[in-house]
Amino acid sequence: MIIAIDGPAGAGKSTVARRVARELGLLFLDTGALYRAVTWSALERGIALDDALAMGALTRSLALSFDQAGRVLVDGVAGEPHIRSPKVTANVSQVAAHPAVRAALLPLQRRFAHPHGLVAEGRDMGTVVFPHAELKVFLVASVEERARRRALEVGEPEAQGRIQSEIERRDHLDATREDAPLCKAEDAVELDTDGLSQDEVVERLLHLARAARNGGALRHEASS
Ligand code: DC
């Protein structure tokens with residue numbers, strides 16, 4: 001079974017997707033980590049982030065994989081915590097806008113779905129990478145709430161305003177790029193997490209996943 005979870009920055013996709021994957025015995029795929037890994041590698045090597053050709057070549061040359069805990073490895077080296085640095089976060093949307101970077105990451109992401117399926121989270125899971133996913137969810141929350149949660153998470157409640165500006169900037173770049181922009185797939189379920197606890201979000205996702213699985217089984221039965 002493939003579950004595609006998309007949504008804007010800071011909507012809590014990673015944490016809930018990871019928990020849902022564990023509950024259902026599926027692989028978890030954090031696709032943002034791949035774009036972050038490419039950005040980190042480019043910064044390390046001094047490659048100009050606006051050089052589309054060089055960025056495409058770099059992406060094709062990297063061996064990107066995940067360890068048992070679902071953390072990205074770049075040429076076998078742990079990407080954490082470097083890929084979460086403020087510098088990478090500030091630049092990743094520019095890198096993710098290059099069609100050559102996206103094209104190089106597309107087959108890699110699809111390969112993870114074999115043979116058992118997965119829970120994949122990002123910006124274009126339901127629209128581009130897994131258009132035939134059995135369940136598509138678009139997770140949203142107000143930008144104030146997303147900034148508040150992120151500020152608490154990093155232990156800097158006073159930084160909420162700055163974090164909100166960063167989130168708004170990144171969402172704008174991700175939603176307005178030409179190639180695979182952040183948007184809700186037509187057949188995705190929109191889930192607004194404002195006012196919901198993390199446990200409640202996970203519960204709802206599990207409910208949707210079970211319904212999708214049963215619905216799929218029923219459709220299969222009806223057609224055979
Ligand atoms: O989910 P995240 O914040 O780790 O993602 C980092 C960036 O990567 C995000 O701002 C846009 C990009 N991204 C993307 O373009 N497509 C995806 N499927 C996942 C992330």
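Atoms within each ligand, like the ligands themselves, are counted from 1 in listed order.
- Between D171 and R146 a salt bridge is recorded (basic side-chain N to carboxylate O distance below 4.0 Å).
- The closest non-hydrogen atom to atom 1 (O) of ligand 1, taken over R84, E121, R123, comes from R123.
- Checking only distances, K13 never comes within under 3.5 Å of ligand 1, N or O to N or O.
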For D30 and V72, run side-chain contact (heavy atoms from CB on, under 4.5 Å): C-alpha distance rounded to whole Å, both residues' side-chain angles, the deciding distance at 0.1 Å, then the answer.
CA-CA 9 Å; D30 169 4; V72 75; over 6 Å; no
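- Between R149 and E145 there is a salt bridge, with a side-chain nitrogen of the basic residue lying less than 4.0 Å from a carboxylate oxygen of the acidic one.
- For ligand 1, the atoms lying closer than 4.0 Å to a non-hydrogen atom of M125 are 18 (N).
- S142 and D194 are linked by a side-chain donor-acceptor pair at a separation below 3.5 angstrom, with hydrogens and angles left out of the test.
- Rounding to the nearest 0.5 Å places CG of D6 at 9.5 Å from CG of L139.
- Partner R19 forms a side-chain contact (heavy atoms from CB on, under 4.5 Å) with one of L205, D199, V119, L206 and no other, that one being D199.
- Of the protein's non-hydrogen atoms, G32 CA, 3.5 Å is the one closest to atom 20 (C) of ligand 1.
- When each of R162, R169, Q164 is checked for a side-chain hydrogen bond (donor to acceptor under 3.5 Å, both in side chains) with E166, only R162 meets the rule.
- Within a 6.0 Å radius of CD in E186, other residues, nucleotides and ligands contribute 12 heavy atoms or fewer.
- Near S93, meaning under 4.0 Å from one of its heavy atoms, ligand 1 places the atoms 10 (O).
- Here the protein heavy atom with the shortest distance to atom 19 (C) of ligand 1 is T31 OG1, 3.4 Å.
- Protein heavy atom nearest atom 18 (N) of ligand 1, with residue, atom name and distance: D124 OD1, 2.9 Å.
- Looking only at protein heavy atoms, the nearest one to atom 16 (N) of ligand 1 is R102 NH2, 3.0 Å.
- Nearest protein heavy-atom contact of atom 3 (O) of ligand 1 is R170 NH1, 2.9 Å.
- The single protein non-hydrogen atom nearest to atom 4 (O) of ligand 1 is R36 NE, 2.7 Å, given as residue, atom name and distance.
- In terms of heavy atoms, W40 sits closest to G79 at CZ3-CA, 4.0 Å.
- Between D174 and ligand 1, at least one pair of N/O atoms sits closer than 3.5 Å.
- The contact set between ligand 1 and A96, taken as ligand atoms under 4.0 Å from a residue heavy atom, comprises 12 (C), 15 (O).
- Close contacts of ligand 1 with R177, meaning ligand atoms under 4.0 Å from a residue heavy atom, involve 14 (C), 15 (O), 16 (N).
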